[in-house]
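Counting from 1, the numbers follow the sequence of the chain as shown. In listed order, ligands and their atoms are each counted from 1. These figures come from a predicted structure and were not determined experimentally.
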Amino acid sequence: MPVVAAVGTTHPLAFAGVTFAMQVLAREGVRPVCVIAGVSAQDARSVLRRTPLDAATIAAQFDALREAGVGAFHVGALLSTDAVRAVAAGLAAFAGVPVVVDPVLAATGGDPLADDATVAALRDVLLPCATLLTPNLDEAGALLERSVRDLDAMRDAAPALRARGARAVLVKGGHLAGDAIDVVSDDAGVRTFRTPRIANVLRGTGDLLAATIAASLASGATLDDAIVHAHTRVADAIAHGVLFAGTRVAPETR
Ligand SMILES: Nc1ncnc2c1ncn2[C@@H]1O[C@H](COP(=O)(O)OP(=O)(O)OP(=O)(O)O)[C@@H](O)[C@H]1O
Ligand SMILES: Cc1ncc(CO)c(N)n1
């Protein structure tokens, strides 16, 4: 069974974050392991507290994974520059293993998870570690320090982020009106993936997409096949969300 490591920050209700990614990975049929890089306290409305773990504790968790045969990494929210640097250093020991980096900067409710220095570290230190970077519109804009608000801007942003070191980039257009359109840039060029918009809201779609892609890459799928499969999972989760703690979440968390 392929092994996938979820790296990131806990969410006590598992609406998102490494606690949710572990569930997604298990449901995809891979064995989840993890590196906890930070702890967050969040409820349905806000981020109550966020505490990055120290670099030595992050490094030791990567050391502990050495014999696990990790087949892919999913990297989610990181809460400090030190945490970003420690994760990049930890990943360096796993050369050739696919790394899906979701550069989470804020909770869905809008509360920040990363400050300006952490954004800069993501851009300069972690982005070059990414086999696939999966920013939403706001994250692409923050990483590039310009506005990314429509399909044309997404088509420019994806290769611009790739030029900064990520081997492939998927800019998520879920927050635009109309069909859900994601723009992908890799060495084969720039292309779009379009899925019909499902008229409902769901927490955790970003983590669901990235963790599902990581599971497929660990199982040997091509990038395009991994993306197509992840879109079916996201669409299914949005269509079949369940209410938990006052929030509509993916059925995985039931
Ligand atoms: N209503 C929808 N119907 C179908 N697909 C959607 C919908 N909303 C988002 N998606 C898809 O879900 C994935 C996540 O996109 P989104 O832009 O919402 O990311 P995000 O902002 O990181 O997520 P989150 O809201 O969890 O922070 C993308 O592949 C996007 O195309
Ligand atoms: C820990 C964590 N990761 C990701 C998100 C994005 O929703 C969140 N709110 N919290």
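- Every heavy atom of Val18 sits 4.0 Å or more from the atoms of ligand 2.
- Heavy-atom proximity to Arg197, at under 4.0 Å, picks out these atoms of ligand 1: 1 (N), 2 (C), 3 (N).
- Residue Ile198 has at least one nitrogen or oxygen atom sitting less than 3.5 Å from a nitrogen or oxygen atom of ligand 1, judged on distance alone.
- By the 30° and 60° cut-offs, the orientation of the rings of Phe193 relative to His231 is tilted.
- The closest heavy-atom contact to atom 3 (N) of ligand 2, among the options Gly17, Ala14, Gly38, comes from Gly17.
- Below 3.5 Å of separation, one finds no N or O of Ile181 facing any N or O of ligand 1.
- Using a 4.0 Å cut-off between heavy atoms, Arg203 makes no contact with ligand 2 at all.
- At a 4.0 Å heavy-atom cut-off, ligand 2 touches Ala107 through backbone and side chain alike.
- Residues Asp156 and Leu144 are not in side-chain contact: their nearest non-hydrogen atoms beyond the backbone lie 4.5 Å or more apart.
- At a heavy-atom cutoff of 4.0 Å, ligand 1 is contacted by no atom of Arg203, backbone or side chain.
- Taking distance alone, with nitrogen or oxygen atoms compared against 3.5 Å, Ser40 stays at or beyond that limit from ligand 2.
- When the side chain to side chain donor-acceptor pair (under 3.5 Å) test is applied to Asp82, no partner is found at least two apart in sequence or on another chain.
- As a member of the Ile/Leu/Val/Met/Phe/Trp/Tyr network built from side-chain separations under 4.5 Å, Leu25 groups with Val4, Val30.
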